[in-house]
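Below, read A as the first sequence line, B as the second, and so on, with proteins coming before strands; counting in each chain starts at 1.
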Number of protein chains: 2
Amino acid sequence: MQRDTQQKEAIRLTFIRAGRPLSIDEILSYARRQVAGLGIATVYRNIKSLQEEKFIQPVDLPGQTTRWEIAPGGHHHHFLCRTCDKLYEIHGCPEDLSRLVPEGYTLEEHDILLRGLCKNCSRKNNTRER
Amino acid sequence: MQRDTQQKEAIRLTFIRAGRPLSIDEILSYARRQVAGLGIATVYRNIKSLQEEKFIQPVDLPGQTTRWEIAPGGHHHHFLCRTCDKLYEIHGCPEDLSRLVPEGYTLEEHDILLRGLCKNCSRKNNTRER
DNA sequence: GTCGTTGCAAAGCGTTTGCAGCCTA
DNA sequence: TAGGCTGCAAACGCTTTGCAACGAC
């Protein structure tokens with residue numbers, strides 16, 4: 001039978017408070033504010049367990065370590081800020097993806113990652129330039 | 001001064017013959033047909049060197065190891081076959097990406113990965129179903 | 001008190017680096 | 001022949017696993 005530990009609860013809370021996908025390091029450092037000696041192995045184990053419970057799901061990004069977000073998100077994509085490295089959920093899809101696929105190929109899924117500056121970093125950038 | 005070794009030449013040839021992005025394992029096993037004792041460290045070193053020469057460039061995929069393709073490809077995206085795991089280059093972009101970005105965000109780049117069945121695997125799949 | 005969970009340390013795994021010997025120029 | 005390159009093995013960084021102690025129920 002599964003137990004409710006401080007560690008797991010702290011990690012769950014971290015996701016709820018963050019409101020955006022988190023990396024392992026983000027989870028570790030945020031959750032440590034609540035459970036001081038929290039070990040990285042415990043984070044990995046609870047991430048796995050929370051995924052099995054379908055509380056969170058993985059977000060695989062090109063050239064980056066996996067991030068984790070509260071599930072179910074429904075179908076959506078992400079925006080990665082090149083300055084603060086934070087990841088944000090975005091909604092909607094391009095409508096003309098199937099025309100990109102060559103003759104004979106069967107399109108089943110698509111991953112889209114938009115990159116640039118988030119709201120916060122866009123503002124800072126504008127302020128600096130003035 | 002840089003030397004032309006059998007190993008490096010074999011790797012270069014492997015890319016030319018393949019005509020699609022390759023993983024480290026693909027490069028190692030294909031190039032070994034030409035240079036038997038080829039070591040994995042040599043592959044990594046030559047990949048780096050070929051990248052510096054701008055003969056190849058990395059292709060980062062979500063949840064997969066980096067693949068490598070002949071450069072310059074210009075701006076393009078990829079199609080990953082879920083059956084044979086081969087990666088193909090595709091051309092063109094969706095036209096309405098900027099409408100996906102929330103107010104205040106600055107869109108600079110985008111990565112798109114299409115997934116499904118390549119031509120070969122689509123055909124096999126149809127044949128089997130009949 | 002039981003036994004699932006934790007933190008530590010060691011093991012895995014893909015990638016990188018150190019080094020002695022090889023081979024290109 | 002010099003010294004860049006190779007293959008091997010060890011080192012690395014991130015993730016997973018083994019284990020004794022801890023703590024939820």
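A:Lys8 places its NZ atom 18 Å from the P atom of D:dG23, with the value rounded to the nearest Å. Spacing between atom NZ of B:Lys48 and atom C1' of D:dC5 amounts to 15 Å, rounded to whole angstrom units. For the pair A:Gln2 CD and D:dC25 P, the interatomic distance rounds to 11 Å; values are reported in whole Å. At whole-Å resolution of the value, CD1 in A:Ile11 and C1' in C:dG7 are 13 Å apart. At whole-Å resolution of the value, CZ in A:Arg32 and C1' in C:dT6 are 13 Å apart. Atom pair B:Asp25:CG and C:dG14:P shows a separation of 8 Å (rounding to whole Å applied). One can place CE of A:Met1 at 12 Å from C1' of C:dC3, the figure rounded to the nearest angstrom. Rounded to whole Å, atom C1' of D:dA24 lies 11 Å from atom CD of A:Gln7.
One donor-acceptor pair, N or O on each side, does fall under 3.5 Å between the base of C:dG18 and the side chain of B:Arg45. Side chain A:Arg3 to base C:dC3: a donor-acceptor pair is found below 3.5 Å.
Aromatic rings of B:His110 and A:His77 (six-membered ring for Trp) have centroids beyond the 6.0 Å cut-off, not under it.
Counting any heavy atom pair closer than 4.0 Å across all strands shown, B:Ile40 reaches no nucleic acid atom.
Residue B:Thr5 has no polar side-chain atom (N or O) positioned under 4.0 Å from OP1 or OP2 of D:dG4. Taking side-chain N and O atoms only, B:Gln6 has a distance below 4.0 Å to OP1 or OP2 of C:dT24.
Of the candidates B:Ile40, B:Thr66, B:Thr65, B:Ile24 forms a side chain to side chain contact (heavy atoms under 4.5 Å, CB included) with just one, namely B:Ile40.
In terms of modelled atom types and a separation under 3.5 Å, the side chain of A:Ser29 and the main chain of A:Asp25 share a donor-acceptor contact.
Along DNA chain C, the nucleotide closest to A:Gly39 and the one closest to B:Thr66 are compared, and the more 5′ of them pairs with A:Gly39.
Partners of A:Arg33 under the side chain to side chain contact (heavy atoms under 4.5 Å, CB included) rule, at least two apart in sequence or in another chain, are A:Tyr30.
B:Ile11 places none of its side-chain heavy atoms less than 4.5 Å from the side chain of B:Leu13.
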